[in-house]
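Everything below concerns the one structure shown next.
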Protein chains: 2
Amino acid sequence: MMTEENKNDYILEDQIGFLMRLINQRHANIFAAHINESLTPTQFSVLVKLKQLGACSQNLLGRKTAVDVATIKGVVERLNKRGYIRTFPDIKDKRRILIELTEQGLAVIEDAIELGRKITEETLKPLKKSEQKILLKYLKKIT
Amino acid sequence: MMTEENKNDYILEDQIGFLMRLINQRHANIFAAHINESLTPTQFSVLVKLKQLGACSQNLLGRKTAVDVATIKGVVERLNKRGYIRTFPDIKDKRRILIELTEQGLAVIEDAIELGRKITEETLKPLKKSEQKILLKYLKKIT
DNA sequence: AAATATTTATTAGTATACTAACAATATATT
DNA sequence: AATATATTGTTAGTATACTAATAAATATTT
């Protein structure tokens, strides 16, 4: 039987979902403080992946960065408008829009990646190196 | 000096920020699968905290749930429209709007909390109980 | 008491993040 | 070849989540 005590022991601050939201907020702050070119974390991820993949479809880019099809459209639109990427039609598949980094986009993301290392480092700073490894290992398991 | 290899070893999938986004997505899916009353995680947090605090200002409620002032307004508006909370003016401080759970809201959140336990459990399921404790401990440290 | 600063709530604007419905194209099946 | 299925991209709608500017009320300082 459920006692009064049991009923009241739901501590919001101990729940993984709530904790993740707090950490996301802290990470977003650290991110914004480091990144000069005012990229969002999502835009950063998309540019990193685009550098790694080379020219690819909007759809694939979204899948590789875990950005859904409706969201990737706006992200690509804004990065395009700012001159970091360009788009062109795929001749072999008329459904597709191909996307690639511009020279400027490449320069921006190469700089940003170096800042990205610092962002990760600062986010994990409260933990020892050994603890950081364990944390990342466990986080990957619940992905 | 930075070698070619060093330059290319930025693995997006190993970064805390990217991992958190993936886990948030998985958690949101688990959350939506369990919660009947179609609450969002944010709405859930707000109702849990409101139950715990009792009547309080919109501003305090936002601070206690880490929802900023601009966002809490919409959250409160929607919960109000659905009849889960009611608002009334604070006589002692005319700036404030006080908020409290309705009977319906209390019933909804009491049910939802039981589901919340299962949501946390399922999110952490890939880890052993001992690993879960360590993960939460480390996550709290980087909050 | 008057001036200053802080707190609370609102509004407008931007950027994710998702669902659902849709159209166009490509692929697989019969 | 014709039909059915799957993929790609777009659009509309909802809900966070944030910044910055504003207004009203309260608290603090002088």
Side-chain angles (χ1 to χ4, degrees), chain A residues 17-18 20-33 35 37-47 55-82 84 87-99, chain B residues 17-18 20-33 35 37-47 55-82 84 87-99:
Chain A
F18 190 78
M20 300 275 291
R21 204 152 64 78
L22 297 187
I23 297 167
N24 264 335
Q25 289 175 346
R26 174 161 167 271
H27 178 262
N29 284 336
I30 294 170
F31 191 96
I35 293 284
E37 290 286 340
S38 76
L39 294 173
T40 66
T42 300
Q43 290 169 351
F44 174 85
S45 294
V46 165
L47 293 179
C56 72
S57 76
Q58 181 175 294
N59 197 278
L60 179 62
L61 187 55
R63 282 204 308 277
K64 292 290 190 179
T65 51
V67 177
D68 76 288
V69 288
T71 304
I72 193 71
K73 190 190 185 296
V75 176
V76 162
E77 192 176 277
R78 285 181 284 277
L79 290 173
N80 193 12
K81 197 171 289 177
R82 286 166 67 178
Y84 295 167
T87 64
F88 55 99
D90 185 337
I91 306 168
K92 285 179 289 188
D93 187 338
K94 290 177 195 166
R95 294 170 304 182
R96 288 199 177 108
I97 298 174
L98 294 181
I99 301 169
Chain B
F18 189 79
M20 300 275 292
R21 204 152 64 77
L22 297 187
I23 297 167
N24 264 335
Q25 289 176 347
R26 175 161 166 273
H27 178 262
N29 284 337
I30 293 171
F31 190 97
I35 293 284
E37 290 287 339
S38 76
L39 295 173
T40 65
T42 300
Q43 290 169 351
F44 173 85
S45 294
V46 165
L47 292 179
C56 72
S57 77
Q58 181 174 295
N59 196 277
L60 179 63
L61 186 55
R63 283 203 308 277
K64 292 290 190 179
T65 50
V67 176
D68 76 290
V69 289
T71 304
I72 193 72
K73 189 190 186 297
V75 176
V76 162
E77 192 177 277
R78 286 180 284 276
L79 290 174
N80 193 11
K81 196 173 291 176
R82 286 165 69 177
Y84 295 167
T87 65
F88 54 101
D90 185 335
I91 306 168
K92 285 179 288 189
D93 187 338
K94 289 178 195 165
R95 293 170 304 182
R96 289 198 176 108
I97 297 172
L98 294 181
I99 301 168

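Just so we're clear, the structure is a prediction, and the values are computed from it rather than from any experiment. Order of the sequence lines sets the chain letters (A, B, ...), proteins ahead of strands, with each chain counted from 1.
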Side chain to side chain contact (heavy atoms under 4.5 Å, CB included) with A/Gln58: which of A/Leu98, A/Val67, A/Val75, A/Ile99? A/Ile99

Taking the side chain as every heavy atom from C-beta outward, state whether A/Ile72 and A/Val46 have any pair of such atoms under 4.5 Å apart. yes

Within the structure provided, determine whether B/Ser38 and B/Arg82 are in side-chain contact (heavy-atom separation under 4.5 Å). yes

By nearest heavy atom, map B/Ser57 and A/Asp93 onto DNA chain C; which one lands nearer the 5' end? B/Ser57

If you measure from the Lys or Arg side-chain nitrogens to the Asp or Glu carboxylate oxygens, is any gap between A/Asp90 and A/Lys92 under 4.0 Å? no

Output the rounded distance in Å from CG (B/Leu61) to P (C/dT7). 18 Å

Both B/Ile91 and A/Ala70 contact DNA chain D. Which one's nearest nucleotide lies toward the 5' end? A/Ala70

Under a criterion of less than 4.0 angstrom to any heavy atom of chain A, what are the 5'-terminal and 3'-terminal contacting nucleotides of DNA chain D? D/dT7 to D/dC18

Testing the basics here: between A/Ser45 and B/Phe18, what is the closest heavy-atom pair and its distance to 0.1 Å? OG-CD1, 3.7 Å

Tell me whether A/Arg21 contacts the main-chain N or O of B/Thr42 through its side chain, where contact means a donor paired with an acceptor under 3.5 Å. no

Would you check, one step at a time, whether the test side-chain hydrogen bond (donor to acceptor under 3.5 Å, both in side chains) holds for A/Glu37 with A/Tyr84? CA-CA 11 Å; A/Glu37 290 286 340; A/Tyr84 295 167; 2.9 Å; yes

So, is B/Arg96 near the phosphate of C/dT8, with a side-chain N or O under 4.0 Å from OP1 or OP2? yes

Looking only at atom types and distance, does a side-chain atom of B/Gln25 sit under 3.5 Å from a main-chain N or O of A/Ala66, one as donor and one as acceptor? yes

Find which nucleotide of DNA chain C each of A/Lys94 and A/Thr40 is nearest to by heavy atoms, and output the residue with the more 5' nucleotide. A/Thr40

Base, sugar-phosphate, or nothing for B/Ile97, non-hydrogen atoms under 4.0 angstrom? sugar-phosphate

Quick one: label A/Thr71 by what it contacts on the DNA or RNA (base, sugar-phosphate, nothing), any heavy atom closer than 4.0 Å. base

Got a sec? Which of residues 73-82 of chain B come in under 4.0 Å of DNA chain C, heavy atoms? B/Lys73

Without decimals, in angstroms, what is the distance between B/Asp90 CG and C/dT7 C1'? 13 Å

With side chains defined as the heavy atoms from C-beta onward, is the minimum distance between A/Arg63 and A/Asn59 less than 4.5 Å? yes

Closest-nucleotide 5' rank along DNA chain D - winner of A/Arg63 and A/Ala28: A/Arg63

